[in-house]
Q: 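Quick one: the structure is below, and I'll ask about it shortly.
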Amino acid sequence: MKSPLLSLPGAVPAEGTDEGVAAHYGDLFREQRALAAGKGLVDLSHRGVVTVTGDDRLSWLHLLLTQYMTDLPAGQATEALILSANGHIEHALYLVDDGTTVWAHVEPGGAPALIAYLESMKFFYRVEVADRTDDIAVVHLPAGSIATTPEGAAVRETAYGRDLFLPRAELEEYAAVHGPPAGILAYEALRVEGHRPRVGFETDHRTIPHELGWIGTAVHLQKGCYRGQETVARVQNLGKPPRRLVFLHLDGSEVHLPGPGTPVRLASDGQDGRQLGFVTSSARHHELGPIALALVKRNVPLDAELMAGETAAAQETVVEP
């Protein structure tokens, strides 16, 4: 679904997963600085939007998600995962309940598969699940923003900003009043800086929550059973995850960023060394320069100098080994 904000002057379309919104509007670092200062907004209208209504919505979601949902207060933002039977991450939901409806946004294109799973688990619960992607757009306001929230719009307020669920027909008008907009590249650079994982970027077919630091923020350890809970409990109580997320400060002299999937090795071993992991996301930051997130083997020394492809990289711990 193509955003109307792509018609704004200077808009350059994003590619890949984030296709449908602007990568930037002509000045990546200016847009980042504006967001860091609490100004402007980010068009996330390409993300999927799912709602759950009905008297049993919170208790029902409590049975399916990794998060404690039963007593979630209205207006309190949270996030949750859906795991496979083996504990691997399938979906990440960014949620808020407005008192009558649970609103969630998910990765672009992720709503149909999520809804299919939720529908298969309804049984006799008083719930209704709907795909609202066609009529609702997600807009992100950075932390510190003084932009007003339209009356009736659901809002997720977090430490790094507010996510608004706006009628898609109002997106263009809202951006004209509360812009200027920043592109998805600026948003992603701040996400990488904040060590915030993203499904499809920091995850592959075997990623478990412990590897990405999602225990505590998206996974509640004191709740009852849900699909994949056995793996979560076993790793938490008896073992360690096989991999861990790290933040990389990349050599700024390199022209090209190492893209997702770029092998990570010990710098001392060079290009012929054993692969220890791979880059998951990379970005150019307005203050830090080139940065990345990577998933590496748990036993990689915390002080080891690394290479991401041909680029020297100093690691910063995100998940403890």
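Computation of the quantities below employed the complete heavy-atom set of this structure, encompassing side-chain atoms and omitting hydrogens, waters and symmetry-equivalent molecules. Heads up: numbering here begins at 1 and tracks the sequence. Computed from a prediction, not measured in an experiment: that's the story for all the values here.
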Q: Could you check D97 against R57 for side-chain contact (heavy atoms from CB on, under 4.5 Å), going step by step and ending with a plain yes or no?
A: CA-CA 10 Å; D97 182 76; R57 65 189 183 282; 2.7 Å; yes

Q: Salt-bridge test for E211 and R243: reply yes if a basic N is under 4.0 Å from a carboxylate O, no otherwise.
A: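 Between R243 and E211 there is a salt bridge, with a charged N closer than 4.0 Å to a carboxylate O.
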
Q: Find out if a path of hydrophobic residues (ILVMFWY) with successive side-chain heavy-atom gaps under 4.5 Å connects V296 to V319.
A: no

Q: Using a strict 4.0 Å threshold on nitrogen-to-oxygen distance, state whether D55 and R126 make a salt bridge.
A: yes

Q: Decide side-chain contact (heavy atoms from CB on, under 4.5 Å) for L288 and E193; before the verdict, give the C-alpha distance in whole Å, the side-chain angles of both, and the deciding distance to 0.1 Å.
A: CA-CA 9 Å; L288 301 177; E193 177 197 16; 4.0 Å; yes

Q: Same cluster or not: L41 versus L164, using hydrophobic residues (I, L, V, M, F, W, Y) connected whenever any side-chain heavy atoms lie under 4.5 Å apart?
A: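 Yes: a chain of side-chain contacts under 4.5 Å links L41 to L164.
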
Q: Just by distance, do the side chain of R244 and the backbone of V300 share a donor-acceptor pair under 3.5 Å?
A: yes

Q: Do side-chain atoms of Q271 reach the backbone of G309 as a donor and acceptor pair under 3.5 angstrom?
A: yes

Q: Can you find a pair of side-chain heavy atoms, one from R274 and one from K297, that are under 4.5 Å apart?
A: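 The answer is yes, as the side chains (C-beta and beyond) meet within the 4.5 Å cut-off.
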
Q: Using a distance-only test with no angle check, is there a side-chain donor-acceptor pair under 3.5 angstrom linking T311 and D251?
A: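 There is no such pair (donor and acceptor under 3.5 Å, judged by atom type) between the side chains of T311 and D251.
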
Q: Which heavy-atom pair separates I215 from P209 by the least distance, and what is that distance?
A: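 For I215 and P209, the tightest heavy-atom pair comes out as CD1-CB, 4.0 Å.
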
Q: Would S84 and N86 count as having a side-chain donor-acceptor pair, cut-off 3.5 Å?
A: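 No, N86 and S84 have no side-chain donor paired with an acceptor closer than 3.5 Å.
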
Q: Can you check whether T207's main-chain N or O pairs, donor with acceptor, with D204's side chain at less than 3.5 Å?
A: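 Yes; at least one donor-acceptor contact below 3.5 Å.
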
Q: Is any side-chain heavy atom of H178 closer than 4.5 Å to one of T148?
A: yes

Q: Quick check for you: to the nearest 0.5 Å, what is the distance between H105 atom NE2 and H140 atom NE2?
A: 9.0 Å

Q: Taking side chain to side chain contact (heavy atoms under 4.5 Å, CB included) as the criterion, tell me which of V138, T51, T101 meets it with F165.
A: V138

Q: Measure from the side-chain N and O atoms of W60 to the backbone N and O of M121, and report whether any donor-acceptor pair falls under 3.5 Å.
A: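 Between the backbone of M121 and the side chain of W60 there is a qualifying donor-acceptor contact (under 3.5 Å).
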
Q: Tell me, do S282 and I291 make a side-chain contact under 4.5 Å, heavy atoms counted?
A: no

Q: Rounded at 0.5 Å granularity, tell me how far CD1 in I136 sits from CD in E170.
A: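 If we round to the nearest 0.5 Å, I136:CD1 and E170:CD are 8.5 Å apart.
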
Q: Give a yes or no answer on whether the side chain of D56 reaches the backbone of S59 with a donor-acceptor pair at less than 3.5 Å.
A: no

Q: State, with a plain yes or no, whether a side-chain heavy atom of E172 is found less than 4.5 Å away from one of S7.
A: yes

Q: What do the steps show when you test E188 against R198 for salt bridge (Lys or Arg N to Asp or Glu O under 4.0 Å), and what is the final call?
A: CA-CA 10 Å; E188 282 289 285; R198 183 177 173 188; 3.3 Å; yes

Q: Quick check: closest heavy atoms across A313 and L250, and the distance to 0.1 Å?
A: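 That closest heavy-atom pairing would be CB-CD2, 3.8 Å.
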
Q: With a sphere of 6.0 Å drawn around CD of Q229, does it hold more than 12 non-hydrogen atoms of other residues, nucleotides or ligands?
A: yes

Q: Is it the case that R196 places NZ or CZ above or below the six-membered ring of Y160, under 6.0 angstrom from the centre and within 45 degrees of the axis?
A: yes

Q: Using side-chain heavy atoms (C-beta onward) and a distance below 4.5 Å, is I208 in contact with H88?
A: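 The answer is yes; the side chains approach within 4.5 Å.
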
Q: Enter the distance from L245:CG to T203:OG1 here, rounded to the nearest 0.5 Å.
A: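 L245 CG to T203 OG1: 11.0 Å, rounded to 0.5 Å.
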
Q: Between V235 and V232, is there shared hydrophobic-cluster membership here, with clusters defined by ILVMFWY side-chain heavy atoms closer than 4.5 Å?
A: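 Each belongs to a different hydrophobic cluster.
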
Q: Step through it carefully: locate the ring centre of F29, locate the ring centre of H286, and say whether they are under 6.0 Å apart.
A: no

Q: Is there a donor-acceptor contact under 3.5 Å from the side chain of D18 to the main chain of A14?
A: no

Q: Could you grab the distance from atom NE2 of H46 to atom CG of D43, nearest 0.5 Å is fine?
A: 8.0 Å

Q: Is atom CD of E310 surrounded by more than 12 heavy atoms (other residues, nucleotides or ligands) closer than 6.0 Å?
A: no

Q: Give a yes or no on whether the backbone of R284 and the side-chain of Q32 come within a donor-acceptor separation of less than 3.5 Å.
A: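 Checking the backbone N and O of R284 against the side chain of Q32, a donor-acceptor pair under 3.5 Å is found.
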
Q: Could you pull out the closest heavy-atom pair between A111 and T133, with the gap in Å?
A: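 Taking every non-hydrogen atom into account, CB-OG1, 4.1 Å.
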
Q: Ion pair present between E90 and R227, side-chain N to carboxylate O less than 4.0 angstrom?
A: yes

Q: Would you say W103 and V155 make side-chain contact, with heavy atoms under 4.5 Å?
A: no

Q: Walk me through it: do V42 and L35 pass the test side-chain contact (heavy atoms from CB on, under 4.5 Å)?
A: CA-CA 9 Å; V42 183; L35 292 179; 3.7 Å; yes

Q: Is a donor on one side and an acceptor on the other found under 3.5 Å between the side chain of S3 and the backbone of S45?
A: no

Q: Is Y125 atom OH crowded by more than 12 heavy atoms from other residues, nucleotides or ligands, each under 6.0 Å away?
A: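 No, OH of Y125 has 12 or fewer neighbouring heavy atoms, counting only those of other groups under 6.0 Å.
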
Q: Using every non-hydrogen atom in the two residues, find where L141 and A147 come nearest and quote the distance to one decimal.
A: CD1-CB, 3.9 Å

Q: Determine whether a donor-acceptor pair (N or O, by modelled atom type, separation under 3.5 Å) exists between the side chain of R156 and the backbone of L95.
A: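 Side chain of R156 to backbone of L95: a pair is present.
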
Q: Just wondering, do V127 and T53 contact through their side chains at under 4.5 Å, heavy atoms?
A: no

Q: Between D272 and R265 (salt bridge meaning N to carboxylate O under 4.0 Å), is one present in this structure?
A: no

Q: Looking only at heavy atoms, what is the nearest atom pair of A74 and D98, with distance?
A: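 Shortest heavy-atom contact: CB-C, 4.1 Å.
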
Q: Consider only side-chain N and O atoms of T78 and Q67, and report whether a donor and an acceptor are under 3.5 Å apart.
A: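 Yes.
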
Q: Report, as yes or no, whether the 6.0 Å neighbourhood of atom CD on E173 holds more than 12 heavy atoms from other residues, nucleotides or ligands.
A: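 Not buried by this count: 12 neighbours or fewer within 6.0 Å.
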
Q: Hey, quick one: are V192 and V318 part of the same hydrophobic cluster, counting side-chain heavy atoms closer than 4.5 Å, chains of contacts allowed?
A: yes

Q: Does Y187 reach the side chain of V21, with side-chain heavy atoms less than 4.5 Å apart?
A: no

Q: List the steps and the verdict of side-chain contact (heavy atoms from CB on, under 4.5 Å) for F247 and T317.
A: CA-CA 6 Å; F247 178 79; T317 302; over 6 Å; no

Q: Do E202 and R191 meet the salt-bridge criterion of a basic N to acidic O distance under 4.0 Å?
A: yes

Q: Among Q315, H285, E316, find the residue that satisfies the side chain to side chain contact (heavy atoms under 4.5 Å, CB included) test when tested with H249.
A: E316

Q: Output the distance between atom SG (C225) and atom CG (L64), rounded to the nearest 0.5 Å.
A: 12.5 Å

Q: Taking K223 for its side chain and T70 for its backbone only, find out whether a donor-acceptor pair lies under 3.5 Å.
A: no

Q: If you take all heavy atoms of G228 and L83, which pair is closest and at what distance?
A: O-CD1, 4.0 Å

Q: If I take atom NZ from residue K240 and atom CG from residue N299, how far apart are they, to the nearest 0.5 angstrom?
A: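 It comes to 13.0 Å.
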
Q: Are Y174 and L6 connected, step by step, through hydrophobic side chains (Ile, Leu, Val, Met, Phe, Trp, Tyr) whose heavy atoms are closer than 4.5 Å?
A: no

